[in-house]
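For reference, the structure is listed below as structure tokens.
For reference, positions follow the sequence shown, starting with 1. First listed ligand is number 1; within each ligand, the first listed atom is number 1.
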Amino acid sequence: MHIVVCVKQVPDTKIIKINPKTNTLDRRSAPAILNPYDAHAVQEAVKIKKELGKGTISVLSMGPPQATAVIKKSIEIGADRGFLISDRAFAGADTLATSYALSKALGRISKEMPVDLIMCGKHAIDGDTGQVGPGIARRLDIPPVTNVIEVSELNESENKVLLKRKIMNGYELIQAQIPCLLTVEKDINSIEYAPMSNMIKAARYEPVIWSVNDLEDVDRTQLGLKGSPTIVGKMFTPPKPEGGKRLEGTPEEQVKQLMGLLSDKKELFLSQ
Ligand SMILES: Cc1cc2nc3c(=O)[nH]c(=O)nc-3n(C[C@H](O)[C@H](O)[C@H](O)COP(=O)(O)OP(=O)(O)OC[C@H]3O[C@@H](n4cnc5c(N)ncnc54)[C@H](O)[C@@H]3O)c2cc1C
């Protein structure tokens, strides 16, 4: 079983500050960390490998050279090896171009060792779109299963896996065909303390770094800013919601008051 986990380096949004003048993230105000959902994905891969008693866990990241830190962190959790794709050609990528570049790197990895399972976080805590995982699955033409909270009954000989995924009012059980791509929720597991041997391995580990020239059949027009049709129209901090208003009186009086309030605010609704 070869599992590849896609891991992203993100600023710690719990402490990051927003520049009130430009309304952009002040990236220097927070340290870069492994996206927390991706840490859970790596932990789940470790659990699967332990249960099967064999397997290889690779991690893959796209980012600047400093993103090797999240690969080392993944090795600490229990991954076996890591790949970073880093090149100016990837800069300015939106989710479409990111999933394209990652799918090309996955193609190279799977040429060396066929990939059975790809795992991603549910979303990245900075970009927060949740589009990259399903985007990769679409490009590789494998099924995506999102918001997974449990992986069980992984049958290697029949290439099947049973997945529990979170939905609005409960959960759903899905039997998926392997290879497939999962995006995981934090509830899937708890991150265990890393054993000393993993920490030593991580400290000494040198991830494989690939540039765009190391990937095959790449259409450069689909990479980076050139390959990114997304336009950021506006960035702003949402206004704090005003306190609610309690309606008083009989139900009829309350309906009258409500109609009056809605009518006062009609510009707000019509402008959206
Ligand atoms: C026009 C435009 C330009 C941009 N330019 C840049 C830029 O120059 N530099 C920059 O850092 N960002 C840039 N971004 C942001 C970038 O598009 C997103 O950070 C990236 O596509 C991931 O999207 P997301 O954060 O919503 O991830 P999500 O889709 O929420 O992530 C889901 C999961 O996908 C995987 N994943 C996501 N990104 C990566 C990654 N890079 N490596 C490995 N796995 C990953 C992880 O498993 C993650 O948990 C730009 C965005 C736009 C719209």
In terms of atom number and element, which parts of ligand 1 are under 4.0 angstrom from non-hydrogen atoms of [X]?
X      : answer
Ser61  : 42 (N), 43 (C)
Asp126 : 25 (O)
Gly127 : 24 (P), 25 (O), 26 (O)
Gln131 : 29 (O)

Could you tell me whether [X] approaches ligand 1 through its side chain, its backbone, both or neither, with non-hydrogen atoms closer than 4.0 Å?
X      : answer
Thr129 : both
Leu102 : side chain
Val7   : backbone
Thr98  : side chain
Asp128 : backbone

Non-hydrogen atoms of [X] versus ligand 1: any pair closer than 4.0 Å?
X      : value
Gly130 : yes
Ala93  : yes
Ile136 : no

For atom 10 (C) of ligand 1, is there a protein heavy atom at a distance under 4.0 Å?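 For atom 10 (C) of ligand 1 the answer is no, since every protein heavy atom stays at 4.0 Å or beyond.
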Please indicate, with yes or no, if any protein heavy atom is found under 4.0 Å from atom 44 (N) of ligand 1?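 Neighbour list for atom 44 (N) of ligand 1 includes protein heavy atoms (cut-off 4.0 Å).
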Exam field: side chain [X] to backbone [Y], donor-acceptor pair closer than 3.5 Å:
X      : Y      : result
Gln257 : Glu248 : yes
Arg165 : Asn147 : no
Tyr171 : Ile149 : no
Ser211 : Asp87  : no
Asp80  : Ser58  : no

Nearest-option assignment for [atom], heavy atoms, candidates [options]:
atom                    : options                        : answer
atom 2 (C) of ligand 1  : Gly121, Ser228, Pro64, Gly92   : Gly92
atom 27 (O) of ligand 1 : Ala101, Ala124, Gly133, Ala105 : Ala124
atom 37 (C) of ligand 1 : Leu84, Leu60, Val132, Asp38    : Val132

Which atom names give the shortest non-hydrogen contact between Trp210 and Glu112, and what distance separates them?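 Heavy atoms only, the tightest pair is CZ2-OE2, 4.4 Å.
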Do Arg81 and Thr56 have side-chain N/O donor and acceptor atoms under 3.5 Å apart?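 Not at all, the side chains of Arg81 and Thr56 share no donor-acceptor pair under 3.5 Å.
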Under a 3.5 Å threshold, yes or no: a donor from one side chain and an acceptor from the other, between Glu76 and Asn198?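 Note: Glu76 and Asn198 side chains miss the donor-acceptor criterion.
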Return the residue, atom name and 0.1 Å-rounded distance of the protein heavy atom closest to atom 1 (C) of ligand 1.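 Scanning the protein heavy atoms, the shortest distance from atom 1 (C) of ligand 1 goes to Thr230 O, 3.6 Å.
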Considering only protein heavy atoms, which is closest to atom 42 (N) of ligand 1, and at what distance to one decimal place?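 Answer, as residue, atom name and distance: Met62 N, 3.0 Å.
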With a 4.0 Å cut-off on N to O distance, would you call Lys47 and Glu44 a salt bridge?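 Looking at Lys47 and Glu44, the cut-off is met.
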Taking only residues two or more places apart in sequence, or in another chain, which ones meet Asp187 in a salt bridge (Lys or Arg N to Asp or Glu O under 4.0 Å)?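 Only Lys166 meet the salt bridge (Lys or Arg N to Asp or Glu O under 4.0 Å) criterion with Asp187.
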